[in-house]
Trainee: 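Encoded as structure tokens, here's the structure I'll be asking about.
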Amino acid sequence: MDPVTLGFLIVGAVGLGVLLLSLVVGDLIHLGDVDADGPFSLPAIAAYVGGVGFFGAIAASIFGSVTPALIAGLLLALPLAFGAVRLTRSLSNMRTDRTLTEDDLAGALGVVITPIPAAGYGEVRINLNGTDLKYSARADQPIASGTPIFVINALSATSVEVVSTGESQFP
């Protein structure tokens, strides 16, 4: 392998390494400006440098000269940088479900998984927005395992007050 191709490959590997680092842990260690977006963000620059290196290495192996390899690398890396900008923008603007709060628990249905004594706490499994959640639960009357329940209100972030809605599903 000639030194020109090797040099371009090293530049490409450095760009790829910085790109992966910025996408994986960039927000954790604040690599680059967190609020930067567009053509001068760290992922865009890293993708461009990596593209120049790898496309330049391909062109260097074809043409055998630095100048055409550099020109090809600079031009062919532009779509790669544009793709990195689009990818990071779409990831940072991705829609997510809102965070559930204690107010969302009232009116939910579930089932007792650990019996609820009259003067203490048991455990219930509540299905909320398609997700099974486990909470400590108390009730005015003892409720056996397997009994369907209705949540009256949330006592805290981890406990609820419930009433039975029927007979136990287990004998």
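The figures that follow rest on heavy atoms only: side chains count, while hydrogens, waters and symmetry mates do not.
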Trainee: Test of understanding: clusters of I, L, V, M, F, W, Y form through side-chain heavy atoms closer than 4.5 Å, transitively. Do Ile62 and Leu76 belong to the same one?
Mentor: yes
Trainee: Determine which pairs satisfy salt bridge (charged side-chain N to carboxylate O under 4.0 Å, His left out) with at least one residue from residues 107-122, sequence neighbours left out, and list them in order.
Mentor: none
Trainee: Going by side-chain heavy atoms closer than 4.5 Å, which hydrophobic residues are tied to Val66, directly or by a chain of links?
Mentor: Val4, Phe8, Tyr48, Val52, Leu70, Leu74, Leu78
Trainee: Taking only residues two or more places apart in sequence, or in another chain, which ones meet Ser156 in a side chain to side chain contact (heavy atoms under 4.5 Å, CB included)?
Mentor: Thr158, Ser159
Trainee: Filter on salt bridge (charged side-chain N to carboxylate O under 4.0 Å, His left out), then keep only pairs touching residues 100-112, sequence neighbours left out; what's left?
Mentor: Arg98-Asp104
Trainee: Tell me, do Leu155 and Asn153 make a side-chain contact under 4.5 Å, heavy atoms counted?
Mentor: yes
Trainee: Considering residues at least two apart in sequence or located in another chain, which fulfil the side chain to side chain donor-acceptor pair (under 3.5 Å) criterion with Ser136?
Mentor: none
Trainee: In a table with atom names and distances, give each donor-acceptor pair under 3.5 Å that connects a side chain of residues 54-61 to protein atoms at least two apart or in another chain.
Mentor:
residue, atom, partner, partner atom, Å
Ser61, OG, Ala57, O, 3.4
Ser61, OG, Ile58, O, 2.8

Trainee: Picking from Val163, Leu109, Ile143, what satisfies side chain to side chain contact (heavy atoms under 4.5 Å, CB included) with Ile149?
Mentor: Ile143
Trainee: Is there any side chain to side chain donor-acceptor pair (under 3.5 Å) pair reaching into residues 2-16, and which pairs are they, with sequence neighbours excluded?
Mentor: Asp2-Thr5
Trainee: So, for Thr147 and Ala144, which heavy atoms are closest and what is the spacing to 0.1 Å?
Mentor: OG1-O, 2.8 Å
Trainee: Work out which heavy atom in Leu80 is nearest to a heavy atom in Gly51; give both atom names and the distance.
Mentor: CD2-CA, 3.6 Å
Trainee: List the residues meeting side chain to side chain donor-acceptor pair (under 3.5 Å) with Asp132, not counting sequence neighbours, and say none if there are none.
Mentor: Asn127
Trainee: Would you list the pairs meeting side chain to side chain donor-acceptor pair (under 3.5 Å) in which at least one residue belongs to residues 65-80, sequence neighbours left out?
Mentor: none
Trainee: Between Tyr135 and Val151, does a side chain to side chain contact (heavy atoms under 4.5 Å, CB included) hold up when you go through it step by step?
Mentor: CA-CA 11 Å; Tyr135 286 92; Val151 177; over 6 Å; no
Trainee: Name all residues meeting the side chain to side chain contact (heavy atoms under 4.5 Å, CB included) criterion together with Asp140; count only those two or more places apart in sequence or in a different chain, and write none if there are none.
Mentor: Glu161
Trainee: With sequence neighbours left out, what residues match Pro115 under side chain to side chain contact (heavy atoms under 4.5 Å, CB included)?
Mentor: Ser145
Trainee: Of all residues at least two apart in sequence or in a different chain, which pass the side chain to side chain contact (heavy atoms under 4.5 Å, CB included) check with Ala137?
Mentor: Ile116, Val124, Val160, Val162
